[in-house]
Amino acid sequence: MNSQDCSDRLEHPTEERPMGQRRFSPAKIFTWLDNLIGKIEAQVLAWGIMIMAVNTIANVFGRYFFNQSIYFTEELNQFLIVIITFMGLGFVTRKGRHIRMSAFYDMLSPRPKKLLMILIALVTAVAMFVLAWYAFEYVAKIARRGRVTPALQVPLYLTYIWVVVGFIVTGIQYLLCMVKNFDLDDEEVYISYTEIDCYEDPEIAEVMHLYNQDHPPTDATVPDDNPASTTVSNDDQEARS
């Protein structure tokens with residue numbers, strides 16, 4: 001796999017390959033589900049980070065300019081951290097950005113790679129759903145006890161319910177990855193429903209492309225602006241003559 005082919009594939013990661021005649025297929029449902037989850041994740045993460053930033057900055061201004069902190073700032077930030085962390089878990093899975101130990105995987109040919117990726121995605125999806133079940137039991141226990149947060153006085157289970165949601169979304173993403181790799185005739189190995197297994201980072205590739213545009217290679221000799229070197233060269237020529 002060369003860098004050029006890798007860059008071409010990364011430019012259009014969501015492009016669907018034609019599979020026979022145009023007809024209704026489960027792939028359309030999977031694509032719709034993946035896009036829907038991606039939009040929800042992006043909105044939740046974006047609003048969560050913005051609200052956390054505004055909340056923190058407002059608290060700093062209140063403390064230093066009015067000698068009065070916002071009483072619920074810390075509690076709200078803790079709530080937002082839980083949301084961002086576990087919704088981000090599914091988002092990173094969808095982008096194929098989890099850290100992977102792939103020494104054995106890299107030695108395989110494309111078809112065994114796909115089979116191994118199916119197994120990895122299946123095992124990981126099962127693990128996510130098991131964790132989601134245990135998290136749900138914990139959240140249900142907190143809800144039955146009627147515990148509330150100290151500052152905002154909201155039910156505490158509303159904070160931890162996002163752990164369950166995050167594990168479920170991540171499990172769905174791994175299931176979609178498994179389904180995407182079922183097409184063994186396709187040599188591409190997918191690490192998520194839309195991302196192809198490729199070592200070239202698209203962001204780094206874009207930066208290098210822009211750099212090469214601004215700094216084209218040239219064979220022109222760079223003039224020497226050092227007068228000392230010019231003087232030495234002239235003295236050497238006079239000595240030789």
Side-chain angles (χ1 to χ4, degrees), residues 1 4-49 83-100 102 105 108-133 135-136 161-203 205-206:
M1 180 185 300
Q4 183 63 33
D5 294 340
C6 184
S7 300
D8 293 340
R9 285 197 296 271
L10 286 169
E11 288 179 359
H12 305 286
T14 60
E15 182 178 353
E16 293 290 336
R17 292 172 173 79
M19 299 178 62
Q21 298 179 352
R22 293 289 181 178
R23 63 181 183 275
F24 176 79
S25 66
K28 294 181 179 180
I29 298 177
F30 296 144
T31 301
W32 173 83
L33 179 60
D34 178 70
N35 292 334
L36 177 64
I37 293 176
K39 291 178 181 178
I40 294 174
E41 288 172 338
Q43 290 294 324
V44 171
L45 292 173
W47 281 104
I49 292 173
I83 295 177
I84 293 170
T85 300
F86 286 93
M87 290 302 290
L89 181 64
F91 185 80
V92 172
T93 303
R94 184 174 185 269
K95 295 297 183 181
R97 295 305 181 93
H98 279 299
I99 297 175
R100 297 182 296 150
S102 58
Y105 170 87
L108 301 177
S109 57
R111 189 181 184 89
K113 277 185 178 181
K114 290 182 76 73
L115 295 174
L116 182 58
M117 184 57 66
I118 291 173
L119 178 61
I120 293 171
L122 175 61
V123 172
T124 309
V126 171
M128 293 296 104
F129 289 131
V130 170
L131 290 174
W133 172 254
F136 175 77
I161 194 65
W162 291 97
V163 178
V164 181
V165 175
F167 282 138
I168 291 176
V169 169
T170 305
I172 293 173
Q173 290 292 348
Y174 277 111
L175 287 181
L176 291 174
C177 174
M178 180 185 68
V179 171
K180 190 69 173 181
N181 285 290
F182 276 159
D183 185 7
L184 299 180
D185 294 332
D186 184 3
E187 293 185 356
E188 303 292 358
V189 181
Y190 288 83
I191 55 178
S192 73
Y193 192 75
T194 56
E195 298 295 327
I196 298 173
D197 183 18
C198 185
Y199 285 109
E200 184 173 353
D201 192 319
E203 296 178 358
E206 180 65 20

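Each residue takes its place number in the sequence, starting with 1.
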Participant: Just by distance, do the side chain of D34 and the backbone of F30 share a donor-acceptor pair under 3.5 Å?
Facilitator: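 Judged by distance alone, no pair lies under 3.5 Å.
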
Participant: Within a 6.0 Å radius of atom CZ on F129, are there more than 12 heavy atoms belonging to other residues, nucleotides or ligands?
Facilitator: yes

Participant: May I ask you to test the T170-F86 pair for a side-chain heavy-atom distance under 4.5 Å?
Facilitator: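 T170 does not reach F86 side chain to side chain.
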
Participant: I need the D183 CG to E188 CD distance, nearest 0.5 Å.
Facilitator: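 Result: 11.0 Å between the selected atoms.
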
Participant: Between V169 and E41, which heavy-atom pair has the shortest distance, and what is it?
Facilitator: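 Taking every non-hydrogen atom into account, CG1-OE2, 2.9 Å.
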
Participant: Using modelled atom types and a 3.5 Å cut-off, is there a donor and acceptor pairing between side-chain atoms of N181 and backbone atoms of K114?
Facilitator: no

Participant: Between T194 and L176, is the side chain to side chain contact (heavy atoms under 4.5 Å, CB included) condition met? List the steps.
Facilitator: CA-CA 9 Å; T194 56; L176 291 174; over 6 Å; no

Participant: Test side chain to side chain contact (heavy atoms under 4.5 Å, CB included) on W162 and T85 and set out the steps.
Facilitator: CA-CA 9 Å; W162 291 97; T85 300; over 6 Å; no

Participant: Would you compute the distance between atom CG of N35 and atom CD1 of I40 and round it to the nearest 0.5 angstrom?
Facilitator: 11.0 Å

Participant: Roughly how far, to the nearest 0.5 Å, is the CZ atom of R111 from the CD atom of E187?
Facilitator: 10.5 Å

Participant: At their closest point, which heavy atom of C177 faces which heavy atom of Y190, and how far apart are they?
Facilitator: SG-O, 3.4 Å

Participant: List the atom of R94, the atom of E195, and the distance in Å for their closest heavy-atom pair.
Facilitator: O-CG, 3.7 Å

Participant: Within the 4.5 Å heavy-atom criterion, are L184 and L115 side-chain neighbours or not?
Facilitator: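 Touching, per the 4.5 Å side-chain cut-off.
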
Participant: For the atom pair OG1 (T93) and CD1 (I172), what is the distance rounded to the nearest 0.5 Å?
Facilitator: 11.5 Å

Participant: Output the distance between atom CD1 (I118) and atom CG (L122), rounded to the nearest 0.5 Å.
Facilitator: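 Here the rounded value is 9.5 Å.
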
Participant: Using 0.5 Å steps for rounding, measure from the OH atom of Y105 to the CG atom of D197.
Facilitator: 3.5 Å

Participant: Please report the closest heavy-atom contact between H98 and Y174, naming both atoms and the distance.
Facilitator: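 Result for this residue pair: CD2-OH, 3.4 Å.
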
